[in-house]
Each structure stands twice: as structure tokens, then as C-alpha cells.
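Take a look at the structure below.
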Amino acid sequence: MTAKKKPKVYITRKLPDAVETRMRELFDAELNIDDAPRSVPELIAAVKTADVLVPTVTDRIDAALIEQAGPQMKLIASFSNGTDHIDVEAAARKGITVTNTPNVLTEDTADMTMALILAVPRRLGEGARVLTDKPGEWAGWSPTWMLGRRIHGKRIGIVGMGRIGTAVARRAKAFGLSIHYHNRKRVNPAVEDELEATYWESLDQMLARVDIVSINCPSTPATFHLISARRLALLQPTAYLVNTARGDVVDEAALIKCLREGRIAGAGLDVFENEPAVNPKLVKLANEGKVVLLPHMSSATIEGRIDMGDKVIINIRTFIDGHRPPNRVLPGR
């Protein structure tokens with residue numbers, strides 16, 4: 001009996017060794033050992049020959065690329081929670097199924113969000129640099145030196161109360177913060193009661209009343225520059241903004257202007273509008289202690305990446321076996 005031919009799977013970036021090993025065992029998998037981002041010509045060549053494409057958030061899988069896919073290409077199994085880098089509608093028109101890896105990064109992202117919520121008001125970045133940039137110059141403890149802001153008793157406004165936003169709220173409540181949130185719809189009453197959360201139908205009204213704003217909504221056409229110059233102007237001068245979602249949810253130029261003019265107290269950013277480029281003005285603000293910058297690492301745990309890889313493998317195997325994959329992304333969602 002002839003063995004069943006393994007599907008050809010093209011993986012655009014380096015994945016954890018355990019995931020790549022399993023991919024090679026199950027599929028005819030082409031790996032990216034050196035982790036260099038694939039060029040558009042390389043992606044075009046891949047979709048012309050592969051059965052399955054496994055991209056990441058750094059790959060732009062747009063309509064032009066999808067249109068060049070060969071007839072054998074039937075699945076895009078993204079190694080990501082979000083799918084804003086994929087034209088899902090164009091894939092559907094081409095008869096290509098799209099899947100993602102939801103629900104495995106919630107706790108890791110919420111942990112990092114909470115870390116930034118602490119780091120910005122308490123000036124952790126500045127304090128760490130005192131000891132590393134100018135070793136030996138620290139004069140010792142002083143009652144008025146490196147004073148930050150207490151977060152206990154403050155109000156946090158969560159923009160996007162999905163899984164990650166809810167996980168952030170649970171952590172924030174444990175730190176003594178009062179939970180406020182804006183979402184397309186109210187969360188389950190039991191969750192609201194557990195968190196003692198206040199729902200704001202009006203984002204504008206919430207922003208004007210909270211001390212810390214946490215961005216936890218997805219990137220969609222509706223959320224592009226959701227936190228606009230007008231909405232940033234609603235924040236109190238003592239407010240902080242933290243974004244671990246997507247860079248384009250915030251008008252970055254307007255945020256920089258607010259920070260430079262002291263119209264908000266600070267920001268913590270793990271994502272940027274033009275990644276991987278980081279605006280030099282943000283770097284300057286970070287050096288001045290007005291913002292904490294991280295290189296899109298809120299979900300970067302070994303456990304999280306392996307869990308993502310496992311979901312990709314399950315989606316591929318389920319699809320190849322003729323069943324609907326568990327994490328199918330539908331157009332318009």
C-alpha cells in the first residue's frame with residue numbers, strides 16, 4: 001500500500017524547536033531556520049506550490065498575494081491570535097480557509113500589561129537605568145528621590161473587555177484598582193459583579209474619568225486610531241496610557257505630542273503604529289522617562305509559543321483530514 005503523501009507546509013518564520021520537529025514529522029514542512037522575514041517574491045513562490053501557508057503577524061497576506069495562490073493552496077494556518085495581517089475576505093473568495101491560534105496568549109499578554117501598568121507610574125525603567133547607565137553614581141536612598149505615583153485606589157479604564165481585557169481587569173482588581181471598561185457590549189453580569197466593574201457605553205466619558213487606560217481591543221477598520229487626538233485630549237494630565245494590543249489603535253503622532261507637552265503623565269507601549277520601526281521621538285521620550293517601550297513581547301513566553309504551534313498543527317491536521325478546523329476565521333469576524 002502506498003503511503004499517503006504529506007501535505008506541503010510552508011512556514012514563514014522560525015518557530016520553537018519542539019513545534020518545528022512535530023511539523024517535520026507530520027508534514028512536508030519547509031522551515032525558516034535563520035528567521036529572516038520572507039520577501040514578497042518568496043511568499044508568492046510559496047503560495048504557488050504549497051498546500052498550506054503558516055504565516056505570522058509580520059507577514060502581509062493581502063489580496064494581491066492570495067490571488068497568486070495555486071489551486072492546491074487551500075489553508076492559511078496563521079501562527080497568531082490576530083488576523084489583521086490577512087485579507088480573510090480575499091482568501092474566502094479564492095476558496096482558502098484561514099485559521100488562527102486564539103485563547104493561548106491571554107494570560108501572558110495580561111501579565112505584561114500589568115507589568116507596564118506598574119512600570120510607568122512607578123518609574124521602573126528610569127530606576128533601572130540609574131544603576132546600569134552610570135554605575136557607582138547612585139548616592140543612596142533619599143525621601144524625595146524617584147517619586148512615582150501609587151496605583152492602589154486608582155481607576156483603570158479597559159478599552160476592549162474580551163478575554164485579555166478581562167484577564168487584565170482581574171489582575172488590576174487584585175492590585176486595588178477600580179475597574180471601568182468600554183466594550184461593544186456589556187460583559188456577562190456575573191463577570192461584572194466579580195470585578196465590581198463599571199461599564200461605560202461612551203468611550204469618551206470613560207476616558208475623561210480614569211487614571212490609567214489599558215488598550216486591549218483588536219485591530220480592525222473600526223478601531224484604527226480609536227484613541228485619536230481628540231480622545232487623548234479628554235485624558236486627565238495625571239493619566240497614563242498602556243497599549244499591548246495593536247499600534248494602530250492609537251494615533252501615535254498625537255500621543256507623542258501629548259507626552260511632549262505634558263498633557264498626560266506617561267505611557268507604556270509594547271506595540272507601535274509602524275512596526276518594526278519605532279518613532280525616534282518615542283525613543284527620546286523614553287530616555288526622558290516619559291514612556292516605557294517594549295519590543296512587542298507581551299506574548300513572548302516559551303509556553304505560549306509552543307501552545308500556538310500546537311494549535312497550528314491541530315488546525316492543519318483537522319483540515320487535511322477533511323474536517324472543519326477548530327479555529328477557522330470567518331470573513332467579517
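- A salt bridge links D204 to R230: at least one charged side-chain nitrogen sits closer than 4.0 Å to a carboxylate oxygen.
- Looking at S39, its side chain does come within 3.5 Å of a backbone N or O of E42 through a donor-acceptor pair.
- With a 4.5 Å cut-off on side-chain heavy atoms, L75 and L53 do not count as touching.
- The pair R93-E89 does not meet the salt-bridge criterion, since no charged nitrogen lies less than 4.0 angstrom from a carboxylate oxygen.
- D270 and E275 make their closest contact through O-OE2, 4.3 Å (heavy atoms, listed as atom of the first residue, atom of the second, distance).
- Taken to the nearest 0.5 Å, the CZ atom of R260 stands 10.5 Å off from the CG atom of L282.
- Residue R13 qualifies as enclosed at atom CZ: its count of foreign heavy atoms under 6.0 Å is above 12.
- Just one of N103, N315, T99 meets the side chain to side chain donor-acceptor pair (under 3.5 Å) condition when paired with N327; it is N315.
- In terms of the side-chain contact (heavy atoms from CB on, under 4.5 Å) criterion, residue partners of V57 (sequence neighbours excluded) are, by chain and number, S80, H85, R246.
- The existence of a salt bridge linking R129 and E126 is excluded, since no basic side-chain nitrogen approaches an acidic carboxylate oxygen closer than 4.0 Å.
- Smallest separation of non-hydrogen atoms from A50 and Y10: CB-CB, 4.0 Å.
- When all heavy atoms of K14 and E20 are compared, the pair lying nearest together is NZ-OE1, 3.0 Å.
- Here V120 pairs with Y240, V292 under the side-chain contact (heavy atoms from CB on, under 4.5 Å) rule; sequence neighbours left out.
- Although no hydrogens or angles enter the test, the distance criterion places no donor-acceptor pair under 3.5 Å between the side chain of H296 and the main chain of V271.
- Judged by distance alone, the side chains of S78 and N100 never bring a donor and an acceptor atom under 3.5 Å apart.
- A110 approaches I164 most closely through the heavy-atom pair CB-O, 4.3 Å.
- Formation of a donor-acceptor pair under 3.5 Å by the K311 side chain with backbone atoms of D307 is not found in this model.
- In this structure the side chain of F27 never reaches within 4.5 angstrom of the side chain of R22, judged on heavy atoms.
- Ion pairing between R171 and E107 holds under the 4.0 Å rule for side-chain N and carboxylate O.
- Across all non-hydrogen atoms, the minimal contact from R170 to L195 is CG-CD2, 3.6 Å.
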